[in-house]
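To keep things clear, I will list the structure first and then write my remarks on it.
The structure presented is a predicted model; accordingly, all values stated were derived computationally and were not measured. Starting from 1, each residue takes its place in the sequence as its number.
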Amino acid sequence: MDEYKAVAATLKAFYDFGDWERHEIIQPRTLKWKSLSKDEQELLAWFPDHLTSLSQCIASNELFMRELASKVAADWGNSEDSSKWGNSVGSDLDKVRSTMLQFTREWSELGAKEREICYGRISQQLESMYPEVEERQRVKVLVPGCGLGRLVVELVKRGFQTQGNEFSYHMLLASNFILNHTFVANNYQIFPFIHRFSHNKKRNLQLAPVFIPDYNPGDISFLQRDYPDIPVADLMSMTAGSFVDLYGPPNLVHSDIYTADDEASQFRALNKGTWDVVVTTFFLDTASNVIEYLKSIHHCLKPHGYWINFGPLLWHYENDENVRTRVRTENGMQVESVEPLKGLELTRDDLIQLIKDIGFIFLKHESEISSRYCGDERELGGWEYKCEYWLCQKA
């Protein structure tokens, strides 16, 4: 029931997104315009037309998001009647805004350069490790935190048996839509940059549409045309849930991301020593306790299996004041403890030593690789990460 409600709330956030955009974008700027003197308004005579253009972009986003929500609702066992999804909340609506940018990064031509720096590097590494295309169907690759599934598709295109894992319902629902309900390239247009009012050179760049998907996921079937013995339909799979809950070792401390649920425990046992390669991209720093991630990667890899990582060390919980409850067993008794989400933000050197101590050998390591994330090279500003890339082997 909790999952049903969580999915329904996320669906409602997608469905209500247009109204939220109007409240966040149009309403304050309309009020600001009305507050100006006539002399000031005459200096910005273009402003009302720009608000009209923004409203048209919002209407287009609203149509897309409502189609997404309506089509994936049934896939997740929810009613297709949006009035039964409950109420949307601000945090979920803001995540829909982030999901639009994620669509741009993973599934548009505009995101190709970002993907090449990250996904391209990983794909080339795997292709060099497994040069025989026909043999890749027996190479099991796990992608935790797979987002909207583009890297999973890219690896399946190359013949690898690939499973994506994702915890965010926003990512899961949006990836469900793009993977299962789009049938031609560039079928949809969204306007992801209308929320950005800083660092803009021109108004038309803020209003520019982004077309998705730039690659039709169904075209992975072309692999079978060239390699008839590869069962392409069986190469791709997805799981929903916490990475450590589904793939971690049996002795982690119970918490909201590592449960005593019987199905999760059975799934963890099935995944012990199962995967040839684990690939993580912009994922490692999403951990509140990175030790749990590292132990889980080690647990699910086969002996001498490989771990490929790309991403920064922007520890997501560094400024998070929330806490979580953990339950450990001591002397046969269950003992609860409350711990802050923040507090375990390691330096690069300390993280590398920890990885070695967990039981990995570094085969390749590059530091400070410049990369944006959901950026737009046409803007006047933006954040650029210095990323770490490595290939490790389970000792």
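Taking the six-membered ring for Trp and thresholds of 30 and 60 degrees, H170 and F14 have ring planes inclined between 30 and 60 degrees apart. A perpendicular orientation is assigned to the rings of F362 and W390, their planes being inclined by more than 60° (bins at 30° and 60°). The aromatic rings of Y389 and F310 are tilted relative to each other, their planes meeting at an angle between 30° and 60°. Relative ring orientation between H195 and F17 is described as tilted, the plane-to-plane angle lying within the 30° to 60° band.
A salt bridge does not link D2 to K5: none of the charged nitrogens lies less than 4.0 Å from a carboxylate oxygen. Contact check on E368 versus R348 returns a salt bridge, with a Lys/Arg side-chain nitrogen under 4.0 Å from an Asp/Glu carboxylate oxygen. At a threshold of 4.0 Å, the pair D376-K201 does not count as salt-bridged, since none of the basic side-chain nitrogens sits closer than that to a carboxylate oxygen. Here R372 does not pair with E377 in a salt bridge; the nearest charged N to carboxylate O distance is not below 4.0 Å. Note on E154 versus K157: salt bridge recorded, some NZ/NE/NH1/NH2 to OD/OE distance being below 4.0 Å. A salt bridge between E114 and R150 is absent, with no side-chain N of the basic residue lying under 4.0 Å from a carboxylate O of the acidic one. With salt bridges taken as basic N to acidic carboxylate O contacts below 4.0 Å, none links K38 and E42. Under 4.0 Å is where a charged nitrogen must lie from a carboxylate oxygen, and between K342 and D320 no such pair does. Using a 4.0 Å cut-off between charged nitrogen and carboxylate oxygen, R121 and E366 count as a salt-bridge pair. E106 and R115 are not joined by a salt bridge, as no carboxylate oxygen comes within less than 4.0 angstrom of a charged side-chain nitrogen.
Inspection of the Y293 and T280 side chains reveals no N or O donor paired with an N or O acceptor under 3.5 Å. A donor-acceptor contact closer than 3.5 angstrom links the side chains of E67 and Y188.
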Using the ring-ring contact (aromatic ring centres under 6.0 Å, His included) rule, take H199 and W383 through it: C-alpha gap first, then chi angles, then the decisive distance, then the call.
-> CA-CA 11 Å; H199 308 303; W383 185 264; over 10 Å; no
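A cation-pi arrangement is present between R29 and F197, with the terminal nitrogen or guanidinium carbon under 6.0 Å from the aromatic centre and inside a 45° cone about the axis.
When each of C57, S108, S60 is paired with Q189, the side chain to side chain contact (heavy atoms under 4.5 Å, CB included) condition holds for S60 and for no other.
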